[in-house]
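Along the sequence shown, residues are numbered consecutively beginning with 1.
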Amino acid sequence: MQKGLALSQNYIAAYLMKQVGPTAVATLAKKMGITSEVPAYPSISLGSFDASVYDMVGAYSVFANKGIWTKPTYILRIEDKNGVVLHSEKPIPVPAMNEEVAYVMTRMLRGVVTNGTGWRLAGRFGIKTPIGGKTGTTQNNSDGWFMGISPQLVAGVWTGCEDRAFHFTSTAQGDGATTALPIFAGFMKRVYANPKLNISKADFEPPKSGVSITFDCNQYQQQEQKTELDEKLGF
């Protein structure tokens with residue numbers, strides 16, 4: 001799964017969808033703050049439904065925020081000239097997934113940047129801080145995405161056209177790694193260069209209770225080989 005995510009091997013996403021069913025996936029997407037319709041069809045594993053950057057940033061924040069979804073809010077308070085508060089908005093945290101699962105997802109998303117389709121972030125643009133990300137290319141190269149997460153900041157970039165008749169003729173030109181990722185990289189460089197923002201470059205914090213899920217894929221392969229050998233020997 002980690003390698004499939006890193007390399008955008010969609011047949012693995014489709015296989016996972018087959019195992020859990022589209023209803024479970026659609027339900028979780030809604031729980032993570034997607035406000036647009038998420039039809040419970042297998043094709044949603046390939047990104048076939050429409051979602052706004054606003055919704056996607058909120059959804060990806062669940063991973064960085066230890067499994068908690070908080071509605072993205074850009075107006076926190078409105079005051080009149082006398083300082084009287086006319087409107088205030090207090091974000092309400094909503095549990096969306098287990099903290100351990102959220103942390104494992106940050107590890108998997110970091111793999112996209114270190115060994116996957118998001119390699120340009122460090123390899124070409126020199127951003128080597130702990131960042132997880134995901135490239136996305138949908139609807140015949142009319143949509144290019146890059147979603148990036150750090151422990152304190154989540155940002156998303158969409159490139160494309162609402163009229164699907166306008167699109168790149170090849171994935172080499174129109175994929176999210178080529179169209180959207182460079183914009184994210186330029187944004188993050190400016191963020192890190194601004195001392196007033198004080199955005200941390202630290203790594204994602206694991207759960208205090210520890211992590212029971214094994215990250216090392218080689219251990220799974222070794223276990224499979226041992227099981228196969230045991231079966232051949234009759235154990």
Taking all heavy atoms of [X] and all of [Y], pick out the closest pair and write down the distance.
{"X": "P72", "Y": "G58", "answer": "CG-CA, 3.7 Å"}
{"X": "P39", "Y": "F49", "answer": "CD-CB, 4.1 Å"}
{"X": "M56", "Y": "I34", "answer": "SD-CD1, 4.2 Å"}
{"X": "M17", "Y": "P22", "answer": "SD-CA, 3.2 Å"}
{"X": "M1", "Y": "I12", "answer": "CA-CG2, 4.3 Å"}
{"X": "L121", "Y": "A185", "answer": "CD1-CB, 3.8 Å"}

* **Pair listing, side chain to side chain donor-acceptor pair (under 3.5 Å) test, anchored in residues 95-108, at least two apart** => E100-S212
* Asked: Can you list every pair that meets side chain to side chain donor-acceptor pair (under 3.5 Å) and has a residue in residues 174-187, with sequence neighbours left out?
  -> T159-T179, D175-T178
Report whether [X] and [Y] are members of the same hydrophobic cluster (ILVMFWY, side-chain heavy atoms less than 4.5 Å apart, transitive linking).
{"X": "V57", "Y": "Y74", "value": "no"}
{"X": "M147", "Y": "L109", "value": "yes"}
{"X": "V157", "Y": "V113", "value": "yes"}
{"X": "M108", "Y": "W145", "value": "yes"}
{"X": "V53", "Y": "L153", "value": "no"}

Give a yes or no on whether the backbone of [Y] and the side-chain of [X] come within a donor-acceptor separation of less than 3.5 Å.
{"X": "N10", "Y": "A13", "answer": "no"}
{"X": "T73", "Y": "L76", "answer": "no"}
{"X": "T23", "Y": "A40", "answer": "no"}
{"X": "N65", "Y": "G67", "answer": "no"}
{"X": "S200", "Y": "A202", "answer": "yes"}

* Asked: More than 12 heavy atoms of other residues, nucleotides or ligands under 6.0 Å from CD of Q19: is that the case?
  ->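 Check passes, neighbour count above 12.
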* Asked: In terms of heavy-atom contacts, does OH of Y15 have more than 12 from other residues, nucleotides or ligands at under 6.0 Å?
  -> no
* R77 and E79: salt bridge (charged side-chain N to carboxylate O under 4.0 Å, His left out), yes or no, with the steps? -> CA-CA 7 Å; R77 186 173 65 254; E79 299 179 358; 2.7 Å; yes
How far does [atom1] of [X] sit from [atom2] of [Y], to the nearest 0.5 angstrom?
{"X": "L16", "Y": "S45", "atom1": "CG", "atom2": "OG", "value": "8.5 Å"}
{"X": "S142", "Y": "F166", "atom1": "OG", "atom2": "CZ", "value": "11.5 Å"}
{"X": "K201", "Y": "I199", "atom1": "NZ", "atom2": "CD1", "value": "11.0 Å"}
{"X": "F204", "Y": "K66", "atom1": "CZ", "atom2": "NZ", "value": "11.5 Å"}
{"X": "R110", "Y": "I149", "atom1": "CZ", "atom2": "CD1", "value": "10.0 Å"}
{"X": "Q2", "Y": "M105", "atom1": "CD", "atom2": "CE", "value": "10.0 Å"}

* Asked: Under 3.5 Å, is there a donor-acceptor pair between the T35 and D55 side chains?
  -> yes
* Should K71 and I92 be marked as a side-chain contact (heavy atoms from CB on, under 4.5 Å) after you check the CA-CA gap, both sets of side-chain angles, and the distance that decides it? -> CA-CA 7 Å; K71 180 182 178 181; I92 301 174; over 6 Å; no
Extract all donor-acceptor atom pairs below 3.5 Å that involve side chains of residues 126-135 and protein atoms in other chains or at least two apart in sequence.
from: T129; atom 1: OG1; to: Y192; atom 2: OH; distance (Å): 3.0
from: K134; atom 1: NZ; to: S8; atom 2: OG; distance (Å): 2.7
from: T135; atom 1: OG1; to: T117; atom 2: OG1; distance (Å): 2.6

* **Ring geometry between F184 and F146 (parallel below 30°, tilted from 30 to 60°, perpendicular above 60°)** => tilted
* Mind telling me whether Y60 and F63 have parallel, tilted or perpendicular rings, with 30° and 60° as the class edges? =>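 Ring orientation of F63 relative to Y60: perpendicular.
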* Asked: Taking it one step at a time, do R124 and W119 satisfy side-chain contact (heavy atoms from CB on, under 4.5 Å)?
  -> CA-CA 8 Å; R124 181 171 296 176; W119 68 269; 4.0 Å; yes
Do [X] and [Y] have side chains that approach each other closer than 4.5 Å (heavy atoms only, starting at C-beta)?
{"X": "M97", "Y": "I68", "value": "no"}
{"X": "T70", "Y": "V94", "value": "no"}
{"X": "V38", "Y": "K30", "value": "yes"}
{"X": "K189", "Y": "F125", "value": "yes"}
{"X": "V211", "Y": "P207", "value": "yes"}

* Asked: What's the verdict on side-chain contact (heavy atoms from CB on, under 4.5 Å) for V25 and I44, showing C-alpha distance, side-chain angles and the deciding distance?
  -> CA-CA 8 Å; V25 176; I44 62 175; 4.0 Å; yes
* Would T137 and D143 count as a side-chain contact (heavy atoms from CB on, under 4.5 Å) if you check the C-alpha gap in whole Å, the side-chain angles of each, and the deciding distance to 0.1 Å? -> CA-CA 6 Å; T137 312; D143 292 319; over 6 Å; no
